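Worksheet: the structure to be examined is printed underneath.
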Amino acid sequence: MTFSRAIKIAPSILAADFANFGAECRTVEAQGADWIHVDVMDGHFVPNITFGPATCAAIRPHVRGVMDVHLMIAPVDPYIAAFADAGADIITAHIEAGPHIHRTLQAIRATGKKAGLALNPGTGLDGVEHLLDLVDLICVMTVNPGFGGQSFIDLSSKVRALRALIGDRPIHIEIDGGITPQTAPIMARAGADVLVAGSAVFKGGSADTPDVYGQNIRTIRHAAETAIGHLV
Ligand code: DX5
Ligand code: ZN
């Protein structure tokens, strides 16, 4: 994984066909997805349950590029090794998931994986500066986590402040929730480089109609890149 601030589109398989994850991942990658975003929910940290490390391991052979695993679980630490063994490239934990996020990020890094830090919409940047040396990605949630298909919350000022805080450090800014061709430009202009999109990528298509996914991905990417004048 070489670091770049170029816009990356990361389809969230939360909006894919759960009975067909392998084909869905292969199809969106073939249609231009940069990363595959995998939403793990525990019914405790968030009010919804998806799947765990066994499903991530099953998906892994179908993902050629980056598998970006977003853990919406608490506690996190007992499960880090399992998600690392499942083949995650990036493991992201929430700052709100427990009292010891610093330790959690250290533990993720210790597995040799990239470490991500996710922030709920109601969480500020206090404390983030003390974690910058431990993270490869910061995920700004623009919906309250738990469900796909929710309305985008415009947190431009938070993203801009985060972009300034990061400076020249090789840390990705990922936006997760409500990303569409209308909202992607707002976040790209604010400084995001990874755009997670579930509904907006998978809507109207299936693994049998790959062109739909391709068009959806191109439309989001084009909107974001146009907004920043392709300057990355
Ligand atoms: C929300 C998840 C998101 C979600 C995004 O808890 O973390 O990744 O799937 O879905 P859309 O793009 O439909 O808002
Ligand atoms: Zn997510």
Side-chain angles (χ1 to χ4, degrees), residues 7-18 21 24-25 28 31 33-53 55-56 59 63 66-74 76 79 83 86 88-97 108 114-123 135-155 159 172-188 192-206 212-213 215-217 219-221 223-224:
I7 294 292
K8 289 164 284 295
I9 308 297
S12 162
I13 59 165
L14 187 61
D17 177 357
F18 272 45
F21 275 152
E24 295 276 49
C25 290
V28 287
Q31 291 296 319
D34 297 288
W35 295 3
I36 299 294
H37 184 85
V38 180
D39 285 312
V40 175
M41 304 184 188
D42 67 352
H44 168 72
F45 179 68
V46 289
N48 192 11
I49 300 176
T50 54
F51 46 74
T55 304
C56 294
I59 292 166
V63 178
V66 172
M67 187 160 100
D68 172 32
V69 176
H70 178 192
L71 298 181
M72 286 161 275
I73 66 175
V76 179
Y79 303 102
F83 286 102
D89 295 296
I90 304 170
I91 299 175
T92 296
H94 271 258
I95 199 167
E96 307 87 0
I108 294 170
K114 303 279 189 198
L117 174 68
L119 310 176
N120 281 338
T123 301
V135 297
D136 303 286
L137 173 149
I138 298 176
C139 174
V140 177
M141 295 297 307
T142 42
V143 297
N144 285 296
F147 303 95
Q150 302 183 81
S151 298
F152 173 78
I153 302 164
D154 188 349
L155 296 170
V159 176
H172 297 289
I173 298 182
E174 177 177 77
I175 308 297
D176 189 358
I179 290 295
T180 65
Q182 288 70 45
T183 59
I186 303 169
M187 292 292 101
D193 62 288
V194 185
L195 301 173
V196 174
S199 320
V201 166
F202 289 97
K203 72 162 188 218
S206 77
V212 175
Y213 292 164
Q215 189 56 50
N216 289 344
I217 291 168
T219 305
I220 299 166
R221 188 193 303 285

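Both counts, for ligands and for their atoms, begin at 1 and track the order of listing. Start at 1 with the first residue, then count along the sequence. Keep in mind it's a predicted model, so treat the numbers as computed, not measured.
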Closest approach of any protein heavy atom to [atom], naming residue and atom:
{"atom": "atom 1 (C) of ligand 1", "answer": "F147 O, 3.6 Å"}
{"atom": "atom 3 (C) of ligand 1", "answer": "D176 OD1, 2.8 Å"}
{"atom": "atom 14 (O) of ligand 1", "answer": "G178 N, 2.8 Å"}

Which heavy-atom pair separates [X] from [Y] by the least distance, and what is that distance?
{"X": "F45", "Y": "A74", "answer": "CB-N, 3.7 Å"}
{"X": "Y213", "Y": "V201", "answer": "CD2-O, 3.3 Å"}
{"X": "C139", "Y": "T92", "answer": "CB-CG2, 4.3 Å"}
{"X": "A200", "Y": "I220", "answer": "CB-CD1, 3.9 Å"}

Between [X] and ligand 1, does any nitrogen or oxygen pair lie at a separation below 3.5 Å?
{"X": "N144", "value": "no"}
{"X": "G198", "value": "yes"}
{"X": "G149", "value": "yes"}
{"X": "Q150", "value": "no"}

Could you tell me, atom by atom, which parts of ligand 1 come under 4.0 Å of a heavy atom of [X]?
{"X": "G148", "value": "10 (O), 13 (O)"}
{"X": "S12", "value": "8 (O), 9 (O)"}
{"X": "H37", "value": "8 (O)"}
{"X": "M41", "value": "6 (O)"}
{"X": "V196", "value": "8 (O)"}
{"X": "H70", "value": "7 (O)"}
{"X": "M72", "value": "6 (O), 7 (O)"}

- Message: Is C139 close enough to the Zn ion (ligand 2) that one of its N, O or S atoms comes in under 2.8 Å?
- Response: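 Within the cut-off used here (under 2.8 Å), C139 places no N, O or S atom near the Zn ion (ligand 2).
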- Does one side chain, of E174 or H172, offer a donor that lies under 3.5 Å from an acceptor on the other?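 Short answer, no.
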- Message: Under a plain distance cut-off of 3.5 Å, with no hydrogens placed, do D39 and T50 share a side-chain donor-acceptor pair?
- Response: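 Result is no, nothing qualifies.
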- Message: Please work out, at 4.0 Å between heavy atoms, whether the side chain, the backbone, both, or neither of A197 comes within that distance of ligand 1.
- Response: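 Just the backbone.
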- For V38, the option from L71, T55, I90, V69 that meets side-chain contact (heavy atoms from CB on, under 4.5 Å):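 It is V69; the other options fail the test.
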- Message: Angle at the Zn ion (ligand 2), OD1 of D39 to NE2 of H37, rounded to 10 degrees, please.
- Response: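 An angle of 90° at the metal.
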Could you tell me whether the side chain of [Y] reaches within less than 4.5 Å of the side chain of [X], counting heavy atoms only?
{"X": "Q31", "Y": "Q215", "value": "no"}
{"X": "L195", "Y": "M187", "value": "yes"}
{"X": "I36", "Y": "V28", "value": "yes"}
{"X": "H94", "Y": "P145", "value": "yes"}

- Query: Do you know which N/O/S atom name in H70 is closest to the Zn ion (ligand 2)?
  - Reply: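 Of the nitrogen, oxygen and sulfur atoms in H70, the Zn ion (ligand 2) lies nearest to ND1.
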- Message: If you consider just the N/O/S atoms, which atom of D176 is the closest one to the Zn ion (ligand 2)?
- Response: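 Atom name of the closest N, O or S in D176: OD2.
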Which of the listed options, [options], holds the heavy atom that is closest to [atom]?
{"atom": "atom 13 (O) of ligand 1", "options": "A16, S199, P145", "result": "S199"}
{"atom": "atom 2 (C) of ligand 1", "options": "V38, I13, N48, D39", "result": "D39"}
{"atom": "atom 6 (O) of ligand 1", "options": "A10, S151, G146", "result": "G146"}

- Salt bridge K114-D89, side-chain N to carboxylate O under 4.0 Å: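 Between D89 and K114 there is no salt bridge, as every charged N stays at least 4.0 Å from the carboxylate O atoms.
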- Task: I would like to know whether V194 and I173 meet side chain to side chain contact (heavy atoms under 4.5 Å, CB included); could you show each step before the answer?
- Result: CA-CA 6 Å; V194 185; I173 298 182; over 6 Å; no
- Task: For V159 and I175, run side chain to side chain contact (heavy atoms under 4.5 Å, CB included): C-alpha distance rounded to whole Å, both residues' side-chain angles, the deciding distance at 0.1 Å, then the answer.
- Result: CA-CA 9 Å; V159 176; I175 308 297; 3.8 Å; yes
- Query: Is the shortest distance from a heavy atom of G177 to ligand 1 less than 4.0 Å?
  - Reply: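 Contact check G177 vs ligand 1: positive.
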